[in-house]
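Just below is one structure, and these are the notes that go with it.
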Amino acid sequence: MDATIQKIKEIKENQDNWRKTECINLIASENVTSPFADQMYLNDAAHRYAEGKTWARHYQGSRFIDEIDSLTQNLFNTLFQCKCTDLRPLSGTQSNMAAFAATANFGDRIMTSAIQNGGHVSHTKFGTAGLIGLKETSFPFDAQEMNIDIDATEKLIREKQPKIVLFGGSVMLFPHPIKELSEAAKEHGAHVMYDAAHVFGLIAGKTFQDPFREGADILTSSTHKTFPGPQSGVVMSSKDNETWQAIENKIFPQITCNFHQHKLFSLAVTAQEMITFGQDYATQTIKNAKALAQALFERGFDVKAENNGFTQSHQVLFDATSHGGGKHVAELLESMNIILNKNFIPGEKINSKTMKSPAGIRIGTQEMTRWGMKESEMTEIAELIKKAVIENKNVKEDVKELRKNFLEVNYCLTG
Ligand SMILES: Cc1ncc(COP(=O)(O)O)c(C=O)c1O
């Protein structure tokens with residue numbers, strides 16, 4: 001066989017074997033699709049164009065793409081009990097771009113969580129909000145409660161009158177206070193948005209919060225974090241109104257042309273799986289996060305939000321300062337096949353040093369839950385992390401041994 005082809009195959013096998021059979025995957029923004037969703041992912045639509053809106057495309061040949069697009073939108077509308085879904089954005093970042101660009105102009109203000117308090121870079125001047133020229137004001141944050149400070153934020157919304165008030169984020173241990181704050185936002189006509197990228201699967205499973213019923217008008221998300229679909233993006237709305245039309249007109253032609261429409265078959269399967277199993281999966285994911293947080297805390301880790309039961313989501317956050325910092329801990333654990341990431345923690349200053357090695361470690365339990373792990377395995381994982389980080393032991397073989405028993409994806413349908 002040609003040496004280059006041999007190499008390509010070898011790299012692919014290494015990727016699949018390592019992450020699918022030998023690692024404990026705890027990155028909070030990742031997941032694994034079901035074998036049936038994988039099988040549906042590769043199809044002829046990957047080679048086609050379907051520019052424009054569903055059933056009103058600009059090219060010929062897209063009737064089955066329209067059919068699957070419309071079916072998938074209906075599944076998402078059912079799952080999230082809303083009116084409008086657009087599955088064309090290729091990622092959560094593009095979804096935010098469409099929602100921001102359709103609702104605010106250069107120089108307008110967005111109010112959202114600072115990066116240290118869980119905000120995503122796309123919400124900031126360094127990311128999509130900056131690209132569109134939005135000014136940024138952060139929600140005041142209560143580090144004890146690990147959530148937005150409601151009273152101080154309400155005051156600040158009235159004072160700054162932002163055009164967009166954006167809830168949701170990359171670290172969300174607890175539901176955000178949409179209900180408490182959307183009245184102040186809407187008083188001056190702000191758009192209330194919710195970036196559900198991280199907790200989309202928990203919302204689908206009805207175990208976290210319900211942004212549309214709590215006051216959000218627009219929801220943006222990725223489809224591949226706690227929602228275990230192929231990598232993509234989505235924008236949803238509670239109303240089919242002028243704002244929705246403006247968002248759709250940003251998605252095409254300003255942000256996408258072809259939209260990797262082959263993903264729709266796999267997304268549809270995932271949505272149907274979440275309709276069937278979403279509540280069980282999301283419930284177990286949260287139980288696992290609570291169990292892992294408790295077990296790490298009992299083993300001497302400085303896990304955030306002890307006073308509130310550590311977490312109500314898929315995430316656990318701990319301060320790794322006394323263990324050499326986030327970068328050191330994440331790299332050490334990676335060398336032993338425990339895959340997680342460094343993260344800022346509330347109160348931390350952002351500078352060139354902390355960008356390289358922030359103090360925290362962020363963990364997500366959603367993927368290992370899909371591989372079938374329960375609370376007792378979370379205790380085992382905490383013990384392995386303690387042995388590696390606190391006792392300087394090499395636990396790589398123990399990690400592989402534990403993982404060997406969890407090689408089948410759960411909560412899924414077969415074709
Ligand atoms: C809250 C939030 N929004 C948006 C994104 C961007 O998602 P994507 O990688 O799909 O662009 C992320 C990524 O982690 C995120 O955490």
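First listed ligand is number 1; within each ligand, the first listed atom is number 1. In this chain, residues are counted from 1 in sequence order. Heavy atoms only: backbone and side chains are in, while hydrogens, waters and symmetry mates are out. Being a predicted model, the structure only gives us computed values, none of them experimental.
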At a 4.0 Å threshold, what atoms of ligand 1 neighbour a non-hydrogen atom of Gly169? 1 (C)

Heavy-atom pairs closer than 4.0 Å: do any link ligand 1 to the side chain of Gln231, the backbone, both, or neither? neither

Indicate the ring-plane relationship of Phe80 and Phe200, choosing parallel, tilted or perpendicular according to the 30° and 60° boundaries. parallel

Pair Arg57 + Asp69, salt bridge at N-O below 4.0 Å: yes

Side chain or backbone of Ala197 under 4.0 Å from ligand 1, or both, or neither, by non-hydrogen atoms? side chain

Is there a polar contact, in the sense of an N or O pair closer than 3.5 Å, between Gln94 and ligand 1? no

Using a 4.0 Å cut-off to any heavy atom of His198, which atoms of ligand 1 qualify? 16 (O)

Contact partition for His224 relative to ligand 1, non-hydrogen atoms under 4.0 Å: side chain

Lys155 bridged to Glu159 by N-O distance under 4.0 Å: no

Atom 11 (O) of ligand 1 - nearest protein heavy atom and its distance: Thr93 OG1, 2.7 Å

Residue, atom name and distance, where the atom is the protein heavy atom closest to atom 8 (P) of ligand 1: Gly92 N, 3.5 Å

Tell me which protein heavy atom sits closest to atom 3 (N) of ligand 1, plus the residue, atom name and distance to 0.1 Å. Asp195 OD2, 2.6 Å

Quick one: is the NZ or CZ of Arg370 closer than 6.0 Å to the six-membered ring centre of Tyr281, and within 45° of its axis? yes

Can you confirm if the NZ or CZ of Arg403 lies within 45° of the ring axis of Trp371 and under 6.0 Å from the centre of its six-membered ring? yes

Look only at interatomic distance and state if Ser232 has a nitrogen or oxygen under 3.5 Å from any nitrogen or oxygen of ligand 1. no

Among all protein non-hydrogen atoms, which one is nearest to atom 7 (O) of ligand 1, and what is the separation to 0.1 Å? Ser222 OG, 3.1 Å

So, is Ser170 polar-close to ligand 1, with some N/O to N/O distance under 3.5 Å? yes

Please list, chain by chain and in numerical order, all residues satisfying salt bridge (charged side-chain N to carboxylate O under 4.0 Å, His left out) with Glu383, sequence neighbours excluded. Arg299, Lys386

closest protein heavy atom to atom 13 (C) of ligand 1 is Lys225 NZ, 3.0 Å

Heavy-atom pair with the smallest gap, counting every atom of His262 and Asn43: O-ND2, 3.1 Å

Distance to 0.1 Å, residue and atom name: give those for the protein heavy atom nearest to atom 15 (C) of ligand 1. His120 CD2, 3.3 Å

Can you label the angle between the Phe139 ring and the Phe167 ring as parallel, tilted or perpendicular, going by 30° and 60°? parallel

Counting N and O atoms only, with roles assigned by atom type, does the side chain of His176 sit under 3.5 Å from a partner on the main chain of Ile178, one being a donor and the other an acceptor? no

